[in-house]
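Okay, structure first, notes after.
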Amino acid sequence: MSTPAAHPTKTQVCIIGGGPSGLLLSQLLHLKGIANVVLERQSRDYVLSRIRAGVLEQGFAKLMREAQCGERMDREGEIHDGFFIAHGGQLSRVDLHQHSNGNSVMVYGQTEVTRDLYEARDRLNGVVIHNAENVQPHNLKSEAPAGSAESKPYVTYQHAGASHRIDCDYVVGADGYHGVSRKSIPSHVLKEYEKVYPFGWLGVLSRTPPVSPELIYAKHERGFALCSMRSQVLSRYYIQVPLTDSVDNWSDEAFWEELKRRLPTEVANRLVTGPSIEKSIAPLRSFVAEPMRYGNLFLAGDAAHIVPPTGARGLNTAGSDIHYLYHALVQHYAKGDDTGLEQYSAQALARVWKTQRFSWMLTSLLHTFPDNSAYDQKLQEVELQYLFSSEKALGALAENYTGLPF
Ligand code: APR
Ligand code: PHB
């Protein structure tokens with residue numbers, strides 16, 4: 001394959017954002033012969049420095065394999081058939097395999113997903129332009145006759161001081177919550193929904209063996225805690241903290257002691273602690289922007305929706321967006337059929353809202369809310385009692401956690 005121009009002036013699909021959403025779509029389209037360019041504001045090292053969640057639904061893992069990016073994930077990732085909920089000093093296991101007709105999840109860090117996608121783009125000589133500044137989509141919705149040159153969108157940006165323009169058929173906004181794409185939709189068209197939670201997660205990455213072979217979601221009166229992992233020698237832990245808290249308030253020792261307080265004694269006693277190699281606080285928020293299409297602009301991933309990390313749905317919901325958009329674009333270019341493009345926003349949002357519901361439900365169930373009344377606290381407790389007393393309730397939890405169908 002010829003080496004593509006460093007800065008193409010024309011392509012079929014211009015993708016703004018070189019995170020997992022943009023890269024996955026770019027790779028899938030390339031494999032179907034659909035020309036595309038990814039414009040990423042940051043350097044590759046910066047993108048790969050981000051620490052994110054690490055649980056993949058089966059549908060996302062399948063999409064990675066379809067994109068010819070699943071080999072290391074299948075080799076190094078861990079299949080998990082269940083997870084634990086700790087409450088009242090006890091561990092209760094959610095058997096995903098039993099309650100979801102044999103489904104499971106893949107534990108594999110998002111950083112590794114992104115690294116695999118970058119390496120796959122390199123292998124195909126994909127065009128990913130880093131340090132693209134002032135990226136701006138234009139002419140997203142034109143009055144000119146459909147198909148005419150004047151009706152086409154284009155994207156401008158600067159790179160190393162030079163200005164560039166890419167003419168294209170479609171623009172995909174995969175540029176995350178803080179990107180330019182969603183803001184390019186007129187305010188009278190865009191409707192945004194948001195819920196801000198009164199707490200955040202303090203997360204620590206440590207080169208220590210995981211405390212448990214499966215994830216532990218802990219509900220405790222002192223606050224939520226989560227025991228996760230990246231491998232058998234790399235662990236990821238979180239504790240709920242007030243929104244006013246700061247990483248500077250937390251020495252490693254203080255973090256480990258607080259985590260132990262929120263875990264059942266049997267778990268706390270076997271926790272292997274060590275120096276944090278990453279420590280940060282993330283606020284929890286739910287957000288959805290509608291519609292996910294405006295003219296020739298399509299939003300995907302965090303550009304259109306954000307979930308609290310409790311249910312590990314962020315990357316997985318980006319995956320279903322990409323699945324729908326990829327098939328819609330293939331339908332358009334291969335058959336001239338625009339049904340998928342016309343249905344994209346409604347189809348993607350239908351699943352987005354279901355993952356919003358699941359993430360909100362799990363967050364509401366497991367966290368300590370400062371303004372909760374005694375009645376509210378009893379409701380949380382009885383919800384957990386009901387969950388573990390009902391096969392159907394466990395089935396609903398398992399089908400959402402392993403991934404609703406695309
Ligand atoms: N121009 C070009 N690139 C931009 C711009 C811009 N104006 N604004 C943002 N970007 C880039 C960011 O630097 C980032 O690399 O877009 C990319 C968006 O990536 P993500 O924020 O990771 O979003 P997405 O690819 O949809 O992945 C969703 O990431 O945040 C997590 O929990 C989320 O797991 C989910 C996943
Ligand atoms: C993580 O490993 O970072 C992780 C896992 C599960 C979650 C959230 C985060 O629900």
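We count ligands from 1, going down the list as the structure has it; atoms in each ligand are counted the same way. Worth saying up front: this structure is predicted, and the values here are computed from it rather than measured.
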> By number and element, which atoms of ligand 1 are closer than 4.0 Å to a non-hydrogen atom of Ala174?
Replying inline: 16 (O), 17 (C), 18 (C)
> Does atom CD of Glu194 have more than 12 heavy-atom neighbours, drawn from other residues, nucleotides or ligands, at distances under 6.0 Å?
Replying inline: yes
> Distance-only, no hydrogens or angles: does the Arg52 side chain make a donor-acceptor pair with backbone N or O of Gly109 under 3.5 Å?
Replying inline: no
>> Can you check which of Gly301, Gly19, Pro20 brings a heavy atom nearest to atom 27 (O) of ligand 1?
In response: Pro20
>> Give me the residue, atom name and distance of the protein heavy atom closest to atom 6 (C) of ligand 2.
In response: Tyr217 OH, 3.4 Å
>> Can you report which non-hydrogen protein atom sits closest to atom 3 (O) of ligand 2, along with the distance?
In response: Tyr238 OH, 2.6 Å
>> Only heavy atoms of Ser21, strictly under 4.0 Å: list the atoms of ligand 1 that pass.
In response: 24 (P), 25 (O), 26 (O), 27 (O)
>> If we set the cut-off at 4.0 Å for heavy atoms, which region of Ile16 has an atom near ligand 1: side chain, backbone, both, or neither?
In response: side chain
>> Out of all atoms in ligand 2, which are within 4.0 Å of some heavy atom of Arg236? Include the element for each.
In response: 3 (O)
> Hey, is ligand 1 close enough to Glu40 that some N/O pair sits below 3.5 Å?
Replying inline: yes
>> Parallel, tilted or perpendicular: which one describes the rings of His7 and His159, with boundaries at 30° and 60°?
In response: tilted
>> In this structure, does ligand 1 have an atom that sits under 4.0 Å from one of the heavy atoms of Glu133?
In response: no
> Quick one: which ligand 1 atoms are inside 4.0 Å of a heavy atom on Leu315?
Replying inline: 34 (O), 35 (C)
> Counting each atom of ligand 1 from 1 as listed, which ones have a heavy atom of Leu39 under 4.0 Å away?
Replying inline: 2 (C), 3 (N)
> Taking both backbone and side-chain atoms of His178, is any N or O found less than 3.5 Å from an N or O belonging to ligand 1?
Replying inline: no
> Is it true that atom CD of Gln90 has more than 12 heavy atoms of other residues, nucleotides or ligands lying nearer than 6.0 Å?
Replying inline: no
> When the ring planes of Phe287 and Tyr177 are compared, do they come out parallel, tilted or perpendicular, using 30° and 60° as the limits?
Replying inline: perpendicular
> With atoms numbered from 1 as shown, which atoms in ligand 1 lie under 4.0 angstrom from a non-hydrogen atom of Gly179?
Replying inline: 8 (N)
>> My understanding is that we take every heavy atom of each candidate and find the minimum distance to atom 6 (C) of ligand 1. Doing that for Lys183, Arg313, His305, Arg41, which one comes out nearest?
In response: Arg41
> Which protein non-hydrogen atom lies closest to atom 8 (C) of ligand 2, naming both residue and atom, and how far is it?
Replying inline: Pro309 O, 3.2 Å
> If we only count N/O pairs under 3.5 Å, is Thr310 in contact with ligand 2?
Replying inline: yes
> Taking the six-membered ring for Trp, are Tyr333 and Tyr170 parallel (under 30°), tilted (30 to 60°) or perpendicular (over 60°)?
Replying inline: perpendicular
> Step by step, would you call Glu278 with Arg236 a salt bridge (charged side-chain N to carboxylate O under 4.0 Å, His left out)?
Replying inline: CA-CA 9 Å; Glu278 194 273 347; Arg236 181 71 168 163; 2.8 Å; yes
> Within a reach of under 6.0 Å around CZ of Arg207, are more than 12 heavy atoms found that belong to other residues, nucleotides or ligands?
Replying inline: no
> Distance-only, no hydrogens or angles: does the Gln331 side chain make a donor-acceptor pair with backbone N or O of Gly340 under 3.5 Å?
Replying inline: yes
> For ligand 1, is any non-hydrogen atom under 4.0 Å from Ala53's backbone (N, CA, C, O), its side chain (CB onward), both, or neither?
Replying inline: neither
> Does the side chain of Tyr193 pick up a donor-acceptor pair with the side chain of Ser286 at under 3.5 Å?
Replying inline: no
> Quick one: does Gln42 get an N or O within less than 3.5 Å of an N or O on ligand 1?
Replying inline: no
> Could a heavy atom of Ala132 be found less than 4.0 Å from some atom of ligand 1?
Replying inline: no
> Can you tell me how far the CE atom of Met64 sits from the CG atom of Asp74, to the nearest 0.5 Å?
Replying inline: 9.5 Å
>> So, applying side-chain hydrogen bond (donor to acceptor under 3.5 Å, both in side chains) with Ser104, which one of Glu57, Gln58, Glu78, His80 is it?
In response: Gln58
> For the residue pair His323 and Phe406, does the interplanar ring angle fall in the parallel (under 30°), tilted (30 to 60°) or perpendicular (over 60°) class?
Replying inline: tilted
> For atom 28 (C) of ligand 1, what's the nearest protein heavy atom and its distance?
Replying inline: Asp302 OD1, 3.5 Å
>> Could you work out, for atom 34 (O) of ligand 1, the closest of Gln136, Gln110, Arg44 by heavy-atom distance?
In response: Gln110
